[in-house]
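Below is one structure; the comments refer to it alone.
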There are 2 protein chains.
Amino acid sequence: MENETAALTGGAGDEPALTRIRALPSWQLNRASARGRRLVSEALAREGVRMSHHAVLSAVSDLGPVAQAELGRTTGFDPKDMVGILNDLQAAGLVTRAPDPLDRRKNAISLTDEGGRRLARLAELGDEANEELLGALTPGERERFLELLRKVAEG
Amino acid sequence: MENETAALTGGAGDEPALTRIRALPSWQLNRASARGRRLVSEALAREGVRMSHHAVLSAVSDLGPVAQAELGRTTGFDPKDMVGILNDLQAAGLVTRAPDPLDRRKNAISLTDEGGRRLARLAELGDEANEELLGALTPGERERFLELLRKVAEG
DNA sequence: AGATGTCGTTGGTGGTCCCAACGGTATCTG
DNA sequence: CAGATACCGTTGGGACCACCAACGACATCT
């Protein structure tokens, strides 16, 4: 029988504090998320972009000519950061920034042909990285994992 | 029957690019992890510390008097960041930094009584935050989720 | 015409992670 | 013992991410 009356440790018993912390879902989530980000960002870096570029490029592809603010609302990026991301994408020739004649406050962001081609490659690279991320899971486990993960993410 | 011959989109069919990205495990992992970090860090902030403080405090509690470099290796923090974290903990009176007489290169980091009490409260707050993080899952689902999560995190 | 609000942009903060270099100290080796 | 080697804590810096405040330009509502 173990000693279970360690009052000072708040009911956690004799478990080492570090062991306890590392067992927390939040800790494991951070580890898994960091691994995913590493895998994905390394893959995308082979095409010279970051994850934010991929996300914004995807949004532009979906929404056709679209204002920056609308992109920001859709993707969740701060307007400040959106400026930099679009600067990069524009400099790389993947999107165009044109003044909107109907509302001169807005920039109409559009995908270039090269942007479309790049996006297709990015999507493939992203899929491959995610394939590796879930490599230890069987197809059934992946489905179950994603289902539970979504519940946790949405709260 | 849907059109499945959209060559340009690399086999993804007619699915919008954003929908595709958001369905990726890496994307959902990031969302869930961000939510967990937000919940935990908000909870720990009520005791005036960040997650790194909690982790290091736990390591000090486990390892008794211990050198900074050893703490860094155990917790994975960069030596540079460890300096700042210990500065904070020391300023708050939670740990002591004493020169190690046996090896004058080292600082012997020890937990103070107040550090021990604070750590117990932090552990409780962390547990509560994690309880909320997994609130949408049944006990059985939580167990299964953690099991799969560990596999993904470890790669 | 004036109030109100949105547009893109600039500037700044804080957290996380990583790398390079330094003076001080210990240890290993000839 | 002397010199090479390695580790200690510290400083400085950079990249990325998330977030907030303020601004001039412009559109819209009343």
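Order of the sequence lines fixes the chain letters, A, B, ..., with proteins taken first and strands second; residue numbering starts at 1 for each chain. No hydrogens, no waters, no symmetry mates; every other heavy atom, side chains included, goes into these values.
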Item to check | A:P101 vs A:S52, nearer the 5' end of DNA chain D by closest nucleotide | outcome: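 The residue whose closest nucleotide sits nearer the 5' end is A:S52.
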
Next on the checklist: By nearest heavy atom, map B:D78 and B:A69 onto DNA chain D; which one lands nearer the 5' end?
Outcome noted: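 Taking each residue's closest nucleotide, the earlier one in sequence belongs to B:A69.
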
Check the distance between [N]'s [atom2] and [X]'s [atom1] and give it to me in whole angstrom.
X     : N      : atom1 : atom2 : answer
B:D81 : D:dT10 : CG    : P     : 13 Å
B:L71 : D:dC8  : CG    : P     : 12 Å
A:I85 : D:dA15 : CD1   : P     : 17 Å
A:Q90 : C:dT9  : CD    : C1'   : 14 Å
B:L44 : C:dG14 : CG    : P     : 19 Å
A:R37 : C:dT16 : CZ    : P     : 12 Å
A:L86 : C:dT9  : CG    : C1'   : 12 Å
A:M82 : D:dC16 : CE    : P     : 17 Å

Would you indicate, yes or no, if [N] has its OP1 or OP2 atom less than 4.0 angstrom from a side-chain nitrogen or oxygen of [X]?
X      : N      : value
B:Q68  : D:dC7  : no
A:R104 : D:dA25 : no
A:N87  : C:dT9  : no

Next on the checklist: Do B:V56 and A:L18 land in one hydrophobic cluster if side-chain heavy atoms of ILVMFWY residues count as linked below 4.5 Å?
Outcome noted: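 No.
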
Next on the checklist: If you define the side chain from C-beta out and look only at heavy atoms, does anything of A:W27 sit under 4.5 Å from B:N130?
Outcome noted: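 No, side chains not in contact.
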
Checklist entry - Quick one: does A:L24's side chain get under 4.5 Å of A:Q28's, heavy atoms only? => result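 SC-SC contact between A:L24 and A:Q28 ruled out.
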
Next on the checklist: With a 3.5 Å cut-off and heavy atoms only, can you find an N or O donor on one side and an acceptor on the other between the side chain of A:K80 and the base of C:dG8?
Outcome noted: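 Checked by distance alone, the answer is no.
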
Checklist entry - If you take atom types as modelled and just measure distance, does the side chain of B:R105 reach the base of D:dC7 with a donor-acceptor pair under 3.5 Å? => result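 Per atom types, the contact qualifies.
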
Touch check for [X], heavy atoms < 4.0 angstrom, all strands: base, sugar-phosphate only, or nothing?
X     : result
B:A67 : sugar-phosphate
A:R73 : sugar-phosphate
B:R97 : sugar-phosphate

Checklist entry - Given that B:D103 and A:A34 both sit by DNA chain C, which one's nearest nucleotide is further toward the 5' end? => result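 Checking each residue's closest nucleotide, the 5'-ward one belongs to A:A34.
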
Next on the checklist: Please determine whether salt bridge (Lys or Arg N to Asp or Glu O under 4.0 Å) holds for the pair A:R121 and A:E128, giving the CA-CA distance in whole Å, both sets of side-chain angles, and the decisive distance to 0.1 Å.
Outcome noted: CA-CA 11 Å; A:R121 266 175 285 157; A:E128 289 173 18; over 6 Å; no

Next on the checklist: Going by side-chain contact (heavy atoms from CB on, under 4.5 Å), A:L71 matches just one of A:N107, A:V95, A:V66. Which one?
Outcome noted: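 Option passing the side-chain contact (heavy atoms from CB on, under 4.5 Å) with A:L71: A:V66.
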
